[in-house]
Amino acid sequence: MPYLFHIIIFLSYASMAAVVALVLPQHFPGFDANTSMVAGGVVLIACAVLHEAFVRLDERRELIGEVGILRHAQDGIMDELSRARGETRGLFEALQGPGRTGKGQPDIGEIVAEVKVLEKLVKQLSKRAENGAPPVVLPDFIGDKPAPVLRVATGLDPKAILDRVRQGLNAGRVDLFLQPIVSLPQRKVRHYECFSRIRVADDLMIVPEQYIALAEREGLIGAIDNMLLFRCVQLIRKIQNRKRNIGFFCNISPHSLSDKPFLRDFIEFLGLNQNLASNLVFELTQAAVNHVDDEVIRNLERLASLGFRFSLDQVAHLDMDLAALARHRVKFIKVETGVLLSQIRNPRPGFNLRELKAELNRYGIDLIAEKIENEQSLVELLDYPISFGQGYLFGEPRLSRDDL
């Protein structure tokens, strides 16, 4: 349409020039045909130049208008950027220390709620006492009131499980479950192991046995570890505010250990939060530790230099270099009750559980007997100086309270 407009204007100018060239000789005898044509050409050129001037004026006005719009948009973007920087600064300061970072700044729980990194925890599970055992007294951040029990979703194929893992991560439905670790023989809660469960419905969840292998294959395990870490951090900050001396064991998967960028970011975050070290213990499997490379060892040493401690889990071989473990700040060793009872009932030559415990004590390492499911197993273990116990006898994994 703009081209048609300019063509019409040009034809109008050309018609005007033609009229001038034809009329001048008829009304002005001093103009011959050639002079009249020149005059018509001058009129055409003058009209074209004038038209060009007006077009450029219009374009200039439009350009000035567009520049004004762009400047307004730029001002809006700068305002948004300034607000984003302020919010980022507030989040960074909140992650550095517990409580409020200053007047008007939200605490860590409010910030993570805003960004949906940590969603509200669901209702707690019911308290359990098994086989007439003395009840384990649970702190107030573990639910002790009847609540709906989450059932494990069954009948899901790998694709359906993977889809639900992604949905759970996107929606923040990675819940924190806690299982007590008690002192023996007193059965007093001293620590908790942290587990992740992914909710797929209000009363359904999927457990690590279902999704760990799939999440590792798809590169999602780092996100799950990260979500679990932040939920632990949120809980630990509240515990520290209450001056509670409770330890939390948080697992680092072998996949996350081998993910160098994740591990670097992980250590950088913990370097800004060294106050967590007194309550946070990182759990590594014996198999993973036996196959780490030099860079992972250096990263773990950095964590140790920040004051964080480690627990060795899934210990199948008890002939370990305890001096090396102690140097790397391994403070706990977890051994399944079945393995310990097998050694007790059928001791192999050269192995003595009492001597092992004495050696562990010499290096400041505590032995935790895990998967204690019944009183009979506990009675056999209590004949030996084992520091801590963990298992369904003392309490199953339960959802942490949602009103922390």
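By convention here, the first residue in the shown sequence is residue 1.
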Ring centres under 6.0 angstrom apart (His191, Phe388): yes

Under 3.5 Å donor-acceptor, Arg309 side chain and Val330 backbone: no

Atom pair CG/OG of Leu176 and Ser196 - distance to nearest 0.5 Å: 9.0 Å

Student check: side-chain heavy atoms of Ile333 and Val335 closer than 4.5 Å: yes

Steps toward ring pair (Phe, Tyr, Trp, His ring centres under 6.0 Å) verdict (Phe249, Tyr192): CA-CA 6 Å; Phe249 286 58; Tyr192 282 92; over 10 Å; no

Nearest-0.5 Å distance that lies between atom CZ in Phe177 and atom SG in Cys194: 12.0 Å

Minimum side-chain heavy-atom gap Glu283-Lys334 below 4.5 Å: yes

Any Gln240 side-chain heavy atom under 4.5 Å of Ile236 side chain: yes

Pair Arg327-Glu301, salt bridge (charged side-chain N to carboxylate O under 4.0 Å, His left out): steps then yes or no: CA-CA 9 Å; Arg327 284 197 305 271; Glu301 288 174 346; over 6 Å; no

Closest heavy-atom pair and its distance - Glu359, Leu322: CG-CD1, 3.4 Å

Donor-acceptor pair between Gln179 and Gln390 side chains, under 3.5 angstrom: yes

CA sep, side-chain torsions, deciding dist, call: Val207, Ile198, side-chain contact (heavy atoms from CB on, under 4.5 Å): CA-CA 7 Å; Val207 295; Ile198 298 178; over 6 Å; no

Pi-cation contact, Tyr211 with Arg164 (under 6.0 Å, within 45°): no

Nearest non-hydrogen partners of Tyr392 and Pro397, listed with the distance: OH-CD, 3.8 Å

Straight-line distance of Asn279 CG to Ile246 CD1, nearest 0.5 Å: 8.5 Å

Full working for salt bridge (charged side-chain N to carboxylate O under 4.0 Å, His left out) between Asp163 and Lys159: CA-CA 6 Å; Asp163 287 342; Lys159 183 179 182 305; 3.1 Å; yes

Separation of Ser311 OG from Leu284 CG (nearest 0.5 Å): 8.0 Å

Glu355 (side chain) donor-acceptor with Asn352 (main chain) under 3.5 angstrom: no

Min side-chain heavy-atom separation Leu257-Asn299 under 4.5 Å: no

Heavy-atom closest pair, residues Cys250 and Cys232: SG-SG, 3.8 Å

Neighbour count above 12 (heavy atom, 6.0 Å) for Asn245 CG: no

Thr337 side-chain N/O to Glu370 backbone N/O, donor-acceptor pair under 3.5 Å: yes

Derivation of the side-chain contact (heavy atoms from CB on, under 4.5 Å) call for Gln210 and Val152: CA-CA 10 Å; Gln210 294 172 286; Val152 177; 3.4 Å; yes

Gln286 and Met320: CA distance, side-chain angles, deciding distance, side-chain contact (heavy atoms from CB on, under 4.5 Å) verdict: CA-CA 10 Å; Gln286 186 180 49; Met320 298 168 286; 3.6 Å; yes

Donor-acceptor under 3.5 Å (Gln314 side chain, Ala288 main chain): no

pair Asp366-Leu360: side-chain heavy atoms closer than 4.5 Å: no

Salt bridge (charged side-chain N to carboxylate O under 4.0 Å, His left out) assessment of Arg197 paired with Asp175: CA-CA 5 Å; Arg197 301 287 188 268; Asp175 288 317; over 6 Å; no

Within 6.0 Å of NZ in Lys371, more than 12 heavy atoms from elsewhere: no

Asp313-Thr285 side chain donor-acceptor pair, cut-off 3.5 Å: no

For the student: nearest non-hydrogen atoms of Leu340 and Leu381, plus distance: CB-CD2, 4.1 Å

Test ring-ring contact (aromatic ring centres under 6.0 Å, His included) applied to Phe195 - qualifying residues, sequence neighbours left out: none

Distance, nearest 0.5 Å, that separates CG of Leu229 from CG of Asn251: 11.5 Å

Listed partners of Phe310 passing ring-ring contact (aromatic ring centres under 6.0 Å, His included), at least two apart: none

Taking every non-hydrogen atom, the tightest pair across Leu169 and Ala223: CD1-CB, 4.1 Å

Step-by-step side-chain contact (heavy atoms from CB on, under 4.5 Å) determination, Leu178 to Phe248: CA-CA 9 Å; Leu178 303 174; Phe248 294 87; 4.3 Å; yes

Residue pair Glu193, Arg398: steps toward the salt bridge (charged side-chain N to carboxylate O under 4.0 Å, His left out) verdict: CA-CA 10 Å; Glu193 181 170 356; Arg398 307 177 186 205; over 6 Å; no

Nearest non-hydrogen partners of Leu318 and Gln343, listed with the distance: CD1-CG, 4.1 Å

Parallel, tilted or perpendicular: ring planes of Phe282 versus Phe308, cut at 30 and 60 degrees: tilted

Side chain proximity check, Glu268 to Arg302, heavy atoms < 4.5 angstrom: no

Residue pair Tyr384 / Leu367, side-chain heavy-atom distance below 4.5 Å: no

Heavy atoms from other residues, nucleotides or ligands near CD of Gln186 exceed 12 (cutoff 6.0 Å): yes

Separation of Lys188 NZ from Ser183 OG (nearest 0.5 Å): 7.0 Å

Heavy-atom check, side chain of Phe230 versus side chain of Asn226, under 4.5 Å: yes

